[in-house]
Amino acid sequence: MTKNSGKGGKSHKKMKNEHEIKRELLFKEDGQGYAKVMDMLGSGRCNLKCLKDNTDVMGIIRGSLRKMKSKNFIRKDDIVLICLRDYQENKADIVHVYTTDEVKILIEYGEIELHEDENDEFVQFL
């Protein structure tokens, strides 16, 4: 008879890869901006509100963010980095998704500013 070694099985294998990787914080460059996800439309598209000028834009999720391996799930009210298109004013490409910790760091650096409204909280570009 074999003896149980203690570590193994499905639950241990699932927990093995749960380490959060510290990634570099991306700031906006020329032609880029910050936006808030207002609504998910499906097929890799979503409605965005640009924080620079409060305009509504349709965002298209970049191919590398669509893959399940990236674990960058885009949900409503997330802050994203977008690349504005020169030839289409109503569309933008989603380049990066910020976590809640990264949004707090962006607020500390003064890149975006948090304002409270009567209805709910929203983030505005500084």
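Position 1 is the first residue of the sequence, and the numbers go up from there.
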| What's the shortest heavy-atom distance between Arg62 and Ile94, and which atoms? | CB-O, 3.3 Å

| query | Of all heavy-atom pairs between Gly33 and Lys28, which one has the smallest distance, and what is that distance? | reply | CA-CD, 4.2 Å

| note | Separation between SG (Cys83) and CD (Glu29), nearest 0.5 Å, reads 9.5 Å

| Which atoms form the tightest heavy-atom contact between Lys76 and Met38, and what is the distance? | CE-O, 3.2 Å

| message | Distance check, rounded to the nearest 0.5 Å: Tyr98 atom OH versus Asp78 atom CG? | response | 12.5 Å

| task | Show the numbers, then the answer: is there a side chain to side chain contact (heavy atoms under 4.5 Å, CB included) between His96 and Glu102? | result | CA-CA 11 Å; His96 186 73; Glu102 292 174 339; 3.9 Å; yes

| If you link I, L, V, M, F, W and Y whenever their side-chain heavy atoms are under 4.5 Å apart, who else ends up in the same group as Val57? | none

| query | Are Leu41 and Ile74 co-members of a hydrophobic cluster defined by side-chain heavy atoms under 4.5 Å apart? | reply | no

| request: Would you please say whether a donor-acceptor pair under 3.5 Å links the side chains of Asp101 and Thr99? | output: no

| task | Using the side chain to side chain contact (heavy atoms under 4.5 Å, CB included) rule, take Leu51 and Ile112 through it: C-alpha gap first, then chi angles, then the decisive distance, then the call. | result | CA-CA 8 Å; Leu51 301 179; Ile112 53 179; 4.1 Å; yes

| Side chains of Gln32 and Leu81: closer than 4.5 Å at any heavy-atom pair? | yes

| Of the non-hydrogen atoms in Phe73 and Val97, which two are nearest, and what is the gap between them? | O-CG1, 4.4 Å

| Does the Tyr34 side chain pair with the main chain of Phe27, one donor and one acceptor, at a distance under 3.5 Å? | no

| note | Smallest heavy-atom separation, Gly59 atom then Leu48 atom, equals CA-CD1, 3.6 Å

| query | Residues in side chain to side chain donor-acceptor pair (under 3.5 Å) with Asp56, at least two apart? | reply | Lys49

| message | Taking Ile60 as the starting point, is it possible to reach Val95 by hopping between hydrophobic residues whose side chains are less than 4.5 Å apart? | response | no

| message | Pair Val80, Cys46 - check side chain to side chain contact (heavy atoms under 4.5 Å, CB included), show working. | response | CA-CA 11 Å; Val80 294; Cys46 54; over 6 Å; no

| task | Output all residues satisfying side chain to side chain donor-acceptor pair (under 3.5 Å) with Asn47, sequence neighbours left out; order by chain, then residue number. | result | none

| Nearest-0.5 Å distance, CD1 of residue Ile82 to NZ of residue Lys91 | 14.0 Å

| said: Determine whether a donor-acceptor pair (N or O, by modelled atom type, separation under 3.5 Å) exists between the side chain of Gln88 and the backbone of Arg85. | reply: no

| request: Please assess Val37 against Arg75 for the test side chain to side chain contact (heavy atoms under 4.5 Å, CB included), listing each intermediate value before the final yes or no. | output: CA-CA 7 Å; Val37 177; Arg75 296 179 299 254; over 6 Å; no

| task | Compare all side-chain heavy atoms of Asn90 with those of Met58 and state whether any distance is below 4.5 angstrom. | result | no

